[in-house]
Student: 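Got a structure here, written out as structure tokens. Questions coming.
Note that the coordinates shown come from a computational prediction; the quantities given were computed from them, not determined experimentally. Every number for a ligand or one of its atoms is a count from 1 in the order of the listing.
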Amino acid sequence: MRDSIAFVPTMGALHDGHLALIRRARELSSSVVVSIFVNPLQFENPDDLAKYPRDISGDTAKALSAGATRVWAPTYEEIYPGGIERQSAGLIGSIFEGKERIGHFDGVLTVIKRLFELVDPDWAVFGEKDFQQLFIIKRWVQENQIPVEIVAVPTVRGVDGVALSSRNSRLSPSDLLAAQVINRALRSKSREEMLSTLATEPSFKLDYAEIIDEETFGQVNSSTKHSRGIVAGWINGVRLIDNMPMAEH
Ligand code: PAF
């Protein structure tokens, strides 16, 4: 019998949020594989793909220091040798993040399928920061009876409450100050309060702010057990997303 494997798929540009995923993976298994692959299929904008930060040796050092036992940076040919077997994220893949980023979640599922085939993990660890991605991956694993347990790790925030993201490096100190409005808004008790908090920050350009049912990603109703605020918007040309369970408020 082979050793169990805990897997952390990444696109590199590792920050403390990723390192928390790796540390969680290490609690699950003494064998932790971290992949670094910038998946072209999930970028709808070629400019974004070209500008995506790449630092394999720096990322490898960080991953190993957090407990990875293998860092794997496959080539495009290793991932998609015989062409692309595209997966579909369905309707949920076309709302919120998927509305802005057509085909993004199909691209995520397509690479996850290949990564799971190649790594064959027992667990795969994802951050709650990309809550819609986490939801879509969990549902896809369930529907396709894929024998991998999906483990979620809460979002890591700076002391200012801003969720860590590779994109934060593109924010100036005053942009980062403005970004704190997202955290304040997510602590609201209603969507209306969330919207009025966001409106207090002139440099924040709203994409969406909603409260969703965590089980369905749809509207909250009388049978909702857990609800979550989700926000996306722009600060100075940088798109930021964040979410928080309503119970945390
Ligand atoms: O969240 C990410 O970094 C990516 O979407 C993932 C899961 C590594 C797939 O490319």
Student: Does any N/O atom on Q133 come nearer than 3.5 Å to any N/O atom on ligand 1?
Tutor: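 There is such a contact, yes.
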Student: State which residues pass side chain to side chain contact (heavy atoms under 4.5 Å, CB included) with A20; sequence neighbours excluded, sorted by chain then number.
Tutor: R23, V153, V156
Student: What I want to know is whether N39 and ligand 1 share at least one N or O pair that is separated by under 3.5 angstrom.
Tutor: no
Student: Aromatic ring centroids of Y80 and Y76 under 6.0 Å?
Tutor: yes
Student: Looking at V111, which atoms of ligand 1 are within less than 4.0 Å of one of its heavy atoms?
Tutor: 9 (C), 10 (O)
Student: For ligand 1, does L115 get within less than 4.0 Å through its side chain, its backbone, both, or neither, judged by non-hydrogen atoms?
Tutor: neither
Student: Please find the pair of heavy atoms, one from D59 and one from L14, that lie closest to each other, and give the distance.
Tutor: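 D59 and L14 have their closest heavy atoms at OD1-N, 3.1 Å.
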Student: Using a strict threshold of under 4.0 Å (side-chain N to carboxylate O), is an ion pair present between E128 and R228?
Tutor: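 Yes, charged N to carboxylate O under 4.0 Å.
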Student: For E85, enumerate each residue passing the side-chain hydrogen bond (donor to acceptor under 3.5 Å, both in side chains) test, keeping only those at least two apart in sequence or located in another chain.
Tutor: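 By the side-chain hydrogen bond (donor to acceptor under 3.5 Å, both in side chains) rule, E85 matches K113.
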Student: Checking a contact table here: which protein heavy atom is nearest atom 4 (C) of ligand 1, and how many Å away?
Tutor: Q42 NE2, 3.6 Å
